[in-house]
Every structure is written in structure tokens, then in C-alpha cells.
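Single-structure report; data block below.
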Amino acid sequence: MAAAEEEVKTLFVSGLPDDIKEREIHNLFRIYDGYETCQLKYSGRGFQIVAFAVFTDQASALKAKEALNGFTFDPQSGSTLHIELARANSRTKRSRSEDVGPGAAEKKFRGPIGVPGVPYPDAGLSFFLAVHGIHLCRLDSVNGFSTPGSNPPCSTLFVANLGPTCTEEELTQALSRYPGFQKMKYQIKSGLPVAFVEFKDVLCSTKALSELQNFNLPSCDRGGMRLEYAKAKMGQPRTVRSTHV
DNA sequence: AGCACA
């Protein structure tokens with residue numbers, strides 16, 4: 001069977017932090033259609049860890065790649081995923097597990113874990129949020145990054161450190177592609193643009209914040225843009241403090 | 001190091 005034209009349905013994933021666990025990669029991919037299994041490998045030269053994620057077909061693999069490429073895997077270390085189609089498919093046969101070699105410290109995920117034969121329940125919203133907002137970003141809580149000195153997590157982001165020529169259109173382009181984007185308010189504050197950007201919830205704003213932090217827009221003349229949780233959620237009166245909660 | 005709109 002010379003599968004000369006065998007469709008590559010495996011993704012090659014790099015940019016992983018060195019304390020990555022196979023479980024994390026598994027949880028990253030498992031909500032995507034067609035995902036089957038993954039394994040970690042130590043890349044040849046350096047001692048970088050890479051992962052191979054196997055899908056049922058190339059189209060599914062590419063969809064997951066599109067969704068996750070560039071994902072800031074670990075905001076604390078700045079690790080950003082780099083995903084491409086693998087050069088060849090993983091041998092996913094349950095062949096000799098001896099071929100794993102000394103490098104592979106982890107057990108492989110051969111399909112869904114949990115009850116044998118019972119697939120995962122599909123990706124419900126809470127699961128999606130749990131995986132992407134909490135587990136993958138390694139947030140301490142569903143509230144996002146609550147770092148001392150910053151505002152508490154908020155679904156509205158404040159964007160600053162933009163160049164004087166940064167237009168509303170440019171900013172909108174950068175921000176509106178993030179999941180949960182709702183609206184942006186752009187204004188000039190003492191000659192420089194700033195913006196308020198509303199997201200569906202804190203997890204969405206957190207993801208955009210962590211991925212766009214320090215991003216260099218073409219117009220920028222002063223280092224990357226800076227994002228913070230806004231002091232007040234868009235559309236919420238700030239003066240109402242009398243009532244509880 | 002800059003946080004408005006309702």
C-alpha cells in the first residue's frame with residue numbers, strides 16, 4: 001500500500017512551555033471536531049517539547065490549527081503556540097509501545113479518556129471556557145488575571161499606548177476577531193487614541209488581553225499596545241455604589 | 001501610566 005498521497009491529518013505543535021503535560025495538549029484539542037489523540041515528543045536537536053495531534057481528517061486538523069495557532073498558551077511565560085501540518089502522519093497504530101523511547105515520559109492519550117467506549121460529551125460552553133479560559137491560560141480563577149496594581153477583571157478592556165496615527169479601523173481590525181468581541185469605543189485622549197472594548201464576558205476579555213498585550217500595530221511608534229481591564233464595565237454607571245453587591 | 005459612555 002504505497003500511500004504516496006496519504007493525507008496528512010496530524011498537526012505539529014511547537015512553542016510549548018517546558019513543563020507542558022500531554023493532558024494539556026489533549027484538553028486543548030479535544031473540543032475540536034475530528035480530534036483523536038496526541039502525543040508529546042522531545043524535538044531532535046534542542047530539548048524542546050513538541051506535540052503531535054492526530055485528527056480523523058486533514059480538514060478537521062486545519063480547522064483546529066486555524067483556531068489555535070498563535071494562542072498564548074502560557075501568558076506568564078509568553079509561550080505562543082505555533083501549529084502547522086506535520087510532515088507525516090503519526091503512526092497511531094497501537095503498535096509496540098516500545099517505539100516510544102526513553103524520551104516519552106508520559107502516557108499517550110489514545111482517544112478519549114474517561115469511560116471506555118463512551119466519547120466525551122461534546123464541547124459545552126462551560127467546558128470550552130474551562131479549557132480555554134482557565135486550564136490553558138493557567139488562570140488562578142474564572143476571574144482572570146487579578147494582578148496587584150491592576151484593575152479587577154472586567155469584560156471591558158482599556159487600550160492605550162497607541163500611536164497618534166492609529167485609527168479606529170485599525171484597532172477594530174485587531175480586536176474584533178477575538179471571540180466574544182461586542183463593541184469598541186475609540187477616542188482621542190490628549191492627542192493620543194485610547195479605546196474601550198467590550199467583550200461578552202471576562203474570559204473573553206482575558207483571552208484578548210493576554211494575546212494582544214504588547215502587540216505592535218503597524219501604526220505604532222512607541223512599543224506595543226497596552227491593554228488593561230477597564231475601571232468600569234461599558235454601559236454601567238460608575239456612581240451607583242449604594243446598593244449591595 | 002492616559003478609564004468614557006449611559
Side-chain angles (χ1 to χ4, degrees), chain A residues 15-17 19 67-82 125-126 128-245:
Chain A
L16 300 167
D19 59 348
L68 292 172
N69 207 0
F71 183 84
T72 300
F73 193 81
D74 184 351
Q76 274 69 47
S77 72
S79 304
T80 297
L81 291 187
H82 178 72
L125 179 61
S126 60
F128 180 90
L129 294 177
V131 168
H132 288 82
I134 300 170
H135 180 70
L136 286 172
C137 290
R138 300 181 184 181
L139 304 182
D140 288 339
S141 75
V142 294
N143 291 325
F145 302 108
S146 213
T147 54
S150 81
N151 301 318
C154 179
S155 64
T156 308
L157 297 180
F158 174 72
V159 187
N161 203 44
L162 303 165
T165 63
C166 176
T167 63
E168 178 166 3
E169 290 67 35
E170 185 182 19
L171 255 193
T172 304
Q173 275 195 356
L175 283 147
S176 63
R177 56 196 187 90
Y178 282 87
F181 171 90
Q182 291 185 331
K183 69 193 304 190
M184 189 183 88
K185 288 183 179 175
Y186 171 97
Q187 59 192 241
I188 303 292
K189 182 80 182 176
S190 56
L192 292 176
V194 295
F196 297 88
V197 189
E198 178 68 358
F199 286 85
K200 177 164 103 355
D201 55 39
V202 165
L203 287 171
C204 290
S205 64
T206 297
K207 180 173 157 80
L209 181 149
S210 64
E211 293 193 24
L212 273 178
Q213 195 62 272
N214 299 316
F215 184 83
N216 263 282
L217 290 171
S219 70
C220 210
D221 62 349
R222 58 195 64 216
M225 63 166 89
R226 187 172 55 263
L227 296 92
E228 303 169 16
Y229 295 118
K231 288 177 178 158
K233 180 174 164 61
M234 191 182 290
Q236 303 277 306
R238 213 163 44 125
T239 48
V240 177
R241 309 233 163 198
S242 43
T243 50
H244 62 15
V245 182

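Hydrogens, waters and symmetry mates play no part in the numbers below; they use all other heavy atoms, side chains included. Computed from a predicted model, the values in this text were never measured in an experiment.
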Residues in contact with DNA chain B, drawn from residues 173-187 of chain A - heavy-atom cutoff 4.0 Å: A:K185, A:Q187

Grab the [atom1]-[atom2] distance between [X] and [N] for me, whole Å please.
X	N	atom1	atom2	result
A:L192	B:dC3	CG	C1'	14 Å
A:F158	B:dC5	CZ	C1'	14 Å
A:I188	B:dC5	CD1	P	14 Å
A:K231	B:dA4	NZ	P	7 Å
A:L162	B:dC3	CG	P	14 Å
A:F196	B:dA6	CZ	P	13 Å
A:L227	B:dC3	CG	C1'	13 Å

Nearest 0.5 angstrom please: A:M184 CE to A:T172 OG1, how far? 3.5 Å

Check step by step if ring pair (Phe, Tyr, Trp, His ring centres under 6.0 Å) holds for A:F158 and A:F196. CA-CA 5 Å; A:F158 174 72; A:F196 297 88; 5.3 Å; yes

My understanding is that only residues two or more places apart in sequence, or in another chain, count here; which of them pass salt bridge (Lys or Arg N to Asp or Glu O under 4.0 Å) with A:K185? none

Pairs where residues 166-178 of chain A contributes a residue and the test salt bridge (Lys or Arg N to Asp or Glu O under 4.0 Å) is met, not counting sequence neighbours: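 The answer is none; no pair qualifies.
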
Do A:Y186 and A:V159 have side chains that get closer than 4.5 Å, going by heavy atoms?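 No. Closest side-chain heavy atoms not under 4.5 Å.
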
Close side-chain approach of A:L227 and A:L175, heavy atoms under 4.5 Å: yes

